[in-house]
There are 2 protein chains.
Amino acid sequence: MEKEDEPKPESAQDKERPSRRAEILEQARTLFLDKGYAGTSMSALAKACGIQKASLYHHFPSKEALFIACVTEGYDVAILALQEIQDDRALTHEERVRRALAEIYRITIDSPVGRMSPLIAEVSRQIPEVARAFHDGFIIQQHEIVNAIIDAGIEDGAFARQDRLGMEHLIFGPIVTLSISRQMFTGLETIETLFPVAQVRDSHCDLILQLLRKQPESDSAA
Amino acid sequence: MEKEDEPKPESAQDKERPSRRAEILEQARTLFLDKGYAGTSMSALAKACGIQKASLYHHFPSKEALFIACVTEGYDVAILALQEIQDDRALTHEERVRRALAEIYRITIDSPVGRMSPLIAEVSRQIPEVARAFHDGFIIQQHEIVNAIIDAGIEDGAFARQDRLGMEHLIFGPIVTLSISRQMFTGLETIETLFPVAQVRDSHCDLILQLLRKQPESDSAA
DNA sequence: ATCAACCAACCGTCCGTTCGGTAGGTTACT
DNA sequence: AGTAACCTACCGAACGGACGGTTGGTTGAT
């Protein structure tokens, strides 16, 4: 069903080969996200790739190594769009916050990388390095960009200063939870009314901006 | 279907017993939360209980049934304390919100029930009924109580009206995400500085109350 | 005598992994 | 040009062990 848009596989065969290893990683990501680590067998992965199980061990020394490759690659591409929003000088501070939030919603809910939290939680005790890689390569990258965006607004006098830790959790918490909820309740037919992405995102954004906007000299002075 | 297949109303002696069945459920909850569903074997569970594997099948017909019992029991006790806070007429609206938030933090982070989200996400495709039970018995129970507490404040003129969907996610999102993050990053030695419960909780509470408080006639006049 | 509770042993299946081998292309030395 | 060696990519078959689940039998309190 997944068809590479390459009509001729032998065009410059040694330069651009998307084949096998990348294909294995892609299929593995799908399966791991769907069934979990222990629930995904090498046999099922081999079948999904259309090759023999033993062939997997030509590309990866073990199931654990394959999994680590799965969850430690691809973070940077998810971060790039966020950085572009951060660096876009044409935006107002409020608009930059809105764009950044929308991008984080997109990353967390639509991309495999964002949906990995339950998976990493599952294996974090067995393979602690994946938690470290996920945290350093993905979590703090996002947090730093959001903090920088807010700090720039504060320095320009557009935003009020709020507690940083609380704001981080107020921004990322609802997004992560919405993503996980949508995975938990995929079976429920009412999922789109219970957990509608666009509606939650817009409302979330409005409330965050309420907190960031400077209140018109109400009680800030003692 | 399994139900009361006990023709004798003899319920006098099974009131207070250490009850293997309860012990099995407790051990199973610990193992499932730690290793996931597929990662927990009936052998390992039997060993944790100090009994033979076959004995498990005396109490539960299958691994799946045992798991369902694990994740569909015990919600009500977690809800009770919340209801008491809701019904406590001696509290101010703000204080009631603070108490309720603190209780949700406690439930979600300290009790097994609250930490089940990744586990249920793992099996939601295989066993959809656990997702339904978790949602109906736990999620919406909490949401309804919180909404009722806020609505009471609005009716009394103590709180401003905010978008309900957004406020729900703003309240529960950070708590669920904090709980999952603390599970993901248990291995990291910096977890208490990265994800400190009390500090996040207090800051979260302050920000929520900022949104709920009526602003002093700034632009609320419609 | 009954019967819930428990146990030892086992079943067939699937697990992750390994081994030996095949096909085809590239290189290296005559 | 011939050919032997080597390399990557893959496959068929099998390994030992662990899996979920079953059986038949043994307790021990009632």
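So that the names make sense, note that chain A is the first sequence line, chain B the second, and so on, each numbered from 1. All values below were derived from every heavy atom in this structure, side-chain atoms included, with hydrogens, water molecules and symmetry-related copies excluded.
Atom pair B:His58:NE2 and D:dT22:P shows a separation of 15 Å (rounding to whole Å applied). For the pair B:Leu45 CG and D:dG20 P, the interatomic distance rounds to 10 Å; values are reported in whole Å. A straight line from CZ of B:Phe60 to C1' of C:dA5 spans 14 Å, rounded to a whole angstrom. Taking atom CG of B:Leu31 as the reference point, atom C1' of D:dC19 lies 15 Å away to the nearest angstrom. Atom NZ of B:Lys47 is separated from atom C1' of C:dC7 by 16 Å (rounded to the nearest Å). The CD-C1' distance, from B:Glu64 to D:dG21, rounds to 14 Å in whole Å. Here C:dC19 presents its P atom at 13 Å from OH of A:Tyr57, a figure rounded to the nearest Å. Here the P atom of nucleotide D:dA9 and the CZ atom of A:Arg21 are 11 Å apart, to the nearest Å.
Ion pairing between B:Arg182 and B:Glu192 holds under the 4.0 Å rule for side-chain N and carboxylate O.
Side-chain nitrogen and oxygen atoms of A:Ser43 include at least one within less than 4.0 Å of the OP1 or OP2 phosphate oxygen of C:dC15. For the pair B:His59 and C:dC6, the criterion of a side-chain N or O lying under 4.0 Å from OP1 or OP2 is met. Within the structure, every side-chain polar atom (N or O) of A:Arg20 is placed at least 4.0 Å from both OP1 and OP2 of D:dA9. Within the 4.0 Å cut-off from OP1 or OP2 of D:dC11, at least one side-chain nitrogen or oxygen of A:Ser55 is found. Contact annotation: B:Gln52 side-chain N/O to C:dA8 OP1/OP2 distance is under 4.0 Å. Distances shown here put every side-chain N or O of B:Ser41 at or beyond 4.0 Å from the OP1 or OP2 atom of D:dA18.
When distances run from any side-chain atom of A:Lys53 to the nucleotides D:dG20, D:dA14, C:dC7, the shortest one goes to D:dA14. Listed nucleotides D:dG20, C:dC19, C:dG16 differ in distance to A:Met42; the shortest reach to its side chain belongs to C:dG16. For B:Ala54, taking side-chain heavy atoms from C-beta onward, the closest of the listed nucleotides C:dT17, D:dT22, C:dC6 is D:dT22.
Contact record, B:Ile24 with B:Leu45: O-CD1, 4.1 Å, taken as the closest heavy-atom pair. Heavy-atom minimum distance, B:Phe195 versus B:Ser181: CE2-CB, 3.6 Å.
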Taking it one step at a time, do A:Tyr75 and A:Phe134 satisfy ring pair (Phe, Tyr, Trp, His ring centres under 6.0 Å)?
CA-CA 8 Å; A:Tyr75 294 146; A:Phe134 186 70; 5.8 Å; yes
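In this pair, B:His135 and A:Phe185 present their aromatic rings perpendicular. The plane angle is above 60°, beyond the 30 to 60° band.
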